[in-house]
Amino acid sequence: MVLVEARDLKKYFPVEKGVIERILARKVRYVRAVDNVSLEVGKGETLALVGESGSGKSTLGRLLVRLLDPDGGTITFNGIDITRLKGEKLRKLRRRFQIIFQDPYASLNPRMVVGEQIAQPLTELELASASEAKSEALKILKSVGLVPPEDFYNKYPHQLSGGQRQRVAIARALIVKPDFIVADEPVSMLDVSIRASILDILETFKRELSLSTLFITHDLAVARLVGEKLAIMYLGKIVEEGPTEDILEKPLHPYTKALIDSIPSIRKREKSKLGLKDVTPDPVNPPEGCRLYPRCPFATEECKLREPKLETIKGRRVACHYPLQ
Amino acid sequence: MALLSIDGLSVHYYTLSGIVRAVDDVSLNLELGEWVSIVGESGSGKSTLGFSTIRLTPPPGRIVGGSIVFNGVDIVKAPDSVLRKIRGREISMIFQDPMTSLDPLRTVGSQLKEVVEDHGIGRGKEAGEIAKRGLLSVGLPENAFYSYPHQLSGGQRQRVAIAIATVLRPKLLIADEPTTALDVIVQKSIMDLLEDYNRKGMSVLLITHDVALASERSRKIAVMYAGELVEFGDTRSVIEDPLHPYTQLLIRSVPDVVGEKRLTYIPGEPPDLRRPPSGCRFHPRCPFADSMCKVERPKQTVISGRAVLCHYAGTVKVRD
């Protein structure tokens, strides 16, 4: 069953103009951060969204939980169109979709003990009384591994390590028992020796709450650990989407292949390595046609002129005129 | 004889809240033309070790013991005038964020030219030519000479930093997390570039948190934990048959796009280096630790050419 569905979602950010350009009243230019993206996240499913910096993956995540307003397209949550939902109606629904950010140093209030920060969503959304909220907070502190919870309840963020802070951020997002979370690079700032412990916690909650997750990451190896489905984004568009293992084993889009081939691995791989040309794409003036064509070694005249559509091939969606064999 | 020989090096930071033992009794060698990677997590002391190698330990850090012999010169004791000749010409360094090491108000070309002129390699037009050749050799177009740093992408800026670091043809390049801020596709091209230089004879000391990256590129790997060098040896053997429990657990924690899928981590957190644990610094997180590990500091033992800092080196093995 589909829980979250995005159709032709768009988010264009205006580019800041200089004084001269403003006087000359030049046309406003836009960064097309998310450009006609459609995706689905099923109930209890984790979709890993992978892309490089500037691909629009974080913007897409924020759109889905309505932290940003889309410029086009629709978002459906559990059958309800939430694209233009406002005020009290949106606030009521907020409990059901939450977000976890990359930087637990920035997302926590430095002047508030972590226990109160965890309990706050419950009282704020009027889901529990103050005392109930506190006991719930203690309970969830324990389930994210911050034991004894009574000690951790009264600590300030600066007294915690990065890994512990991220546990607090997870607890705060999950205390309201949401149906859907967007996890935006939740382990990117953590050392590899503790990374999996955070993923482990998310995995446990996923099973217990049959949580649906959009897991945003730049790291394909992490995506492989968490997501049964994988979507690859490039310059505001999804270029390939499907079952994670299938894609990693046999990517159909040249960009996906280049990503996989570039990831360092401690296991020996004797595969041909596909490189892309080192051209910096300009998100304000993305190439016409296929956005990858200036970098793609297989690009033809057609790629330059005509934009490929996401088409279903072998149980996957791929946007390429010449998918890899 | 080794090009670089670090022996018993200790570097401490004298902070207001106490002495941080960032690097403690570390010894390692690098032969001419070799690529050695220092791998460690945040706070392991790997960057401090890198900076200290050219005596650029950031304050309040101080080298408190040991020696760093480069090409016959002890860097720790050398007078500043000698050091100035070594830095840049014999040993140079690149960093994670090239934007912080480039001047934002001057063109890339003039910055590169300055290095050439300051070291007396060439003057005026000749220096300009050398600078242009430098840019070409790192794969930048010739017109990059007239660009300002902000006009270039992160990958291109790192290429400029490499051009500046290599234009004097140093014997050793210290690269401190040079690709951490870059996307993987760009990372690969930068690493390929460093590999080219290495093949032409330049030694590389790569400092990285990425075990997989180190394993693909280097001849030897040095693993640091909590200020100590816990294992040092040939890359293949360290990766395929790690001897120190930390190395074993670290390698198992690295996610990969191929092979078995598993969620493995090391329980606990790295220690506060103002109050490092007694005995072996890894003992609070080590599955094999016993009473001896808690009390007695392990001494480095050498097992089949590998240096390991563990009481039970070679006898303990983490199982699946």
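Just so you know, these numbers use all the heavy atoms, side chains as well, and skip hydrogens, waters and symmetry mates. Chain A is the first sequence line, chain B the second, and so forth, proteins listed ahead of strands; every chain is numbered from 1.
Residue contact with chain A, scored on non-hydrogen atoms closer than 4.5 Å, involves the side chain of B:Asp210 exclusively. Residue B:Ile239 touches chain A through its side chain alone, counting heavy-atom pairs closer than 4.5 Å. When heavy atoms are compared at a cutoff of 4.5 Å, A:Gln164 approaches chain B by way of both its backbone and its side chain. Using a 4.5 Å cut-off between heavy atoms, B:Leu182 makes no contact with chain A at all.
Of the candidates A:Tyr293, A:Tyr234, A:Phe298, A:Tyr255 forms a ring pair (Phe, Tyr, Trp, His ring centres under 6.0 Å) with just one, namely A:Tyr234.
Between chain B and the options A:Asp219, A:Asp200, A:Leu220, the largest number of non-hydrogen pairs under 4.5 Å is found for A:Asp200. Residue with the most contacts toward chain A among B:Lys261, B:His209, B:Gln187, B:Arg285: B:Lys261 (heavy-atom pairs, distance under 4.5 Å). Per-residue counts of heavy-atom pairs under 4.5 Å with chain A were compared for B:Ser153, B:Ser42, B:Ser215; the largest is that of B:Ser42. Taking A:Leu259, A:Val226, A:Leu276 one by one and counting their heavy-atom pairs under 4.5 Å with chain B, the maximum is reached by A:Leu259.
The residues B:Asp272 and B:Arg274 are annotated as salt-bridged, a charged nitrogen and a carboxylate oxygen being separated by less than 4.0 angstrom. Electrostatic pairing of B:Asp256 and B:Arg262 does not count as a salt bridge here, judged by no charged N lying under 4.0 Å from a carboxylate O.
Aromatic ring pairs are classed by plane angle as parallel below 30°, tilted from 30° to 60° and perpendicular above 60°; the pair B:Tyr246 and B:Phe282 is perpendicular. Using a 30° and 60° split on the angle between ring planes, A:Tyr156 and A:His158 fall in the parallel class, below 30°.
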Evaluate A:Asp261 against A:Lys257 for salt bridge (Lys or Arg N to Asp or Glu O under 4.0 Å), listing each step before the verdict. CA-CA 6 Å; A:Asp261 287 358; A:Lys257 175 148 175 62; 3.0 Å; yes
